[in-house]
Amino acid sequence: MNFIKVNTYEELSARAAAIICAQVIMKPDCVLGLATGSSPLGTYAKMAEKYSAGEVDFSKVKTINLDEYVGLNGEHDQSYRYFMNNNLFKHINVDMNNTYVPNGCAADVEATCKAYDELIKNCGGIDLQLLGIGYDGHIGFNEPDAYFEKATHKVVLDSSTIDANARFFASRDDVPTTAITMGMNGIMTAKKVLLIANGKGKKEIVEKAFFGKITPAVPASILQLHPDLTVIYCED
Ligand code: GLP
């Protein structure tokens with residue numbers, strides 16, 4: 001594991017964007033696994049800056065997102081599809097037909113999950129997976145559990161996750177209680193994993209996840225077994 005501690009969120013974002021853009025420059029038709037939440041906002045802004053400066057071309061890239069709330073369609077301003085369109089995709093030249101986010105409004109959730117795993121497989125797996133981390137150690141929406149769930153699946157969100165994400169909604173009652181998330185297989189078979197975490201509040205879970213016991217009670221701890229993991233953390 002390459003654990004990088006930086007001083008500011010600005011620096012974290014610049015380093016993460018540099019790693020992702022280097023991946024795209026090295027392999028223009030790569031598959032990027034992307035994340036939502038507040039942590040990657042700076043990274044996405046820096047990627048857009050690099051695109052505007054002509055440093056990187058996303059036209060051949062495919063993107064596969066980690067998760068989506070069940071019940072929110074892509075027009076809902078708290079859906080992860082909406083987040084990706086507005087915070088990254090519309091600022092770069094990715095082909096929208098090559099951007100994938102689980103369909104939170106699918107009539108058949110089970111079939112959608114299965115198709116998502118097929119998609120990851122058919123793309124040849126993910127080249128670089130970007131992750132954030134929840135306060136309970138979740139990655140994507142893989143919540144603490146008795147075992148690591150491998151496949152893309154529907155998950156009931158922990159009340160602590162609902163509390164944490166309520167800040168984005170008009171009220172806590174508006175936060176969906178279930179989501180579709182990529183499972184550990186999709187994440188762990190990515191060739192590279194880049195996890196970013198910022199804020200003093202994340203310090204304890206970052207220590208547990210990367211320097212503690214590997215356990216499904218702390219889902220991100222499985223990443224200690226990944227052969228090419230970079231973690232960037234700042235207290236800022
Ligand atoms: C959400 C997302 C995760 C994300 C986490 C942390 O629950 N599903 O992918 O990593 O929140 O979010 P933040 O970066 O806002 O702390």
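Since the structure is predicted, the reported quantities are computational estimates derived from the model, not experimental observations. Numbering of residues begins at 1 and proceeds along the displayed sequence.
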Atom [atom1] of residue position [X] - does it have more than 12 heavy atoms of other residues, nucleotides or ligands inside 6.0 Å?
| X | atom1 | answer |
| --- | --- | --- |
| K202 | NZ | yes |
| M96 | CE | yes |
| E10 | CD | no |
| K191 | NZ | yes |

### Query
Please walk me through it: do R167 and S38 pass side-chain hydrogen bond (donor to acceptor under 3.5 Å, both in side chains)?
CA-CA 11 Å; R167 68 189 194 277; S38 52; 3.1 Å; yes

### Query
Thinking salt bridges, do R81 and E68 make one under a 4.0 Å N-O criterion?
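Result for this pair is no, no salt bridge flagged.
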
Give the ring-plane orientation class for [X] versus [Y], where under 30° counts as parallel, over 60° as perpendicular and anything between as tilted.
| X | Y | value |
| --- | --- | --- |
| H138 | F141 | tilted |
| F169 | Y69 | perpendicular |
| F3 | Y233 | tilted |

Donor-acceptor contact present, side-chain [X] to main-chain [Y], <3.5 Å:
| X | Y | answer |
| --- | --- | --- |
| H226 | M1 | no |
| N87 | M84 | no |
| N122 | L119 | no |
| D108 | A111 | yes |
| D95 | N97 | yes |
| S79 | N73 | yes |
| Y116 | Y100 | yes |

Which atom names give the shortest non-hydrogen contact between [X] and [Y], and what distance separates them?
| X | Y | result |
| --- | --- | --- |
| A35 | P40 | O-CG, 3.7 Å |
| Y135 | A164 | CD1-CB, 4.3 Å |
| T152 | C113 | O-CB, 3.3 Å |
| E143 | V156 | CG-O, 4.1 Å |
| I180 | T112 | CD1-CG2, 4.4 Å |
| A220 | A209 | CB-CB, 3.9 Å |

### Message
Let's go through T177 and L157 carefully: what are the C-alpha distance in whole Å and the side-chain angles of both, what is the deciding distance for side-chain contact (heavy atoms from CB on, under 4.5 Å) to 0.1 Å, and is it a yes or a no?
### Response
CA-CA 5 Å; T177 54; L157 300 177; 5.7 Å; no

Side-chain contact test, heavy atoms from C-beta onward, threshold under 4.5 Å: evaluate it for [X] versus [Y] and give yes or no.
| X | Y | answer |
| --- | --- | --- |
| D236 | N198 | no |
| V31 | I120 | no |
| L72 | C105 | no |
| I232 | V6 | yes |
| M47 | C21 | yes |
| L66 | L131 | yes |

### Summary
From the list V193, I126, I222, side chain to side chain contact (heavy atoms under 4.5 Å, CB included) partner of M188 resolves to I222

### Task
For the pair N93 and D57, evaluate side-chain hydrogen bond (donor to acceptor under 3.5 Å, both in side chains) and give the outcome as yes or no after the intermediate values.
CA-CA 7 Å; N93 66 336; D57 172 14; 2.7 Å; yes

### Query
Considering residues at least two apart in sequence or located in another chain, which fulfil the side-chain hydrogen bond (donor to acceptor under 3.5 Å, both in side chains) criterion with K27?
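Listed in chain order: D127.
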
### Message
Between V206 and L225, is there shared hydrophobic-cluster membership here, with clusters defined by ILVMFWY side-chain heavy atoms closer than 4.5 Å?
### Response
yes

#### Entry: same_hphob_cluster(L195, I64) at 4.5 Å side-chain heavy-atom cutoff
yes

### Query
Please walk me through it: do N85 and K90 pass side-chain contact (heavy atoms from CB on, under 4.5 Å)?
CA-CA 6 Å; N85 288 354; K90 76 175 188 198; 5.7 Å; no

### Message
What's the separation between atom CG in N65 and atom OG1 in T99, rounded to the nearest 0.5 Å?
### Response
8.0 Å

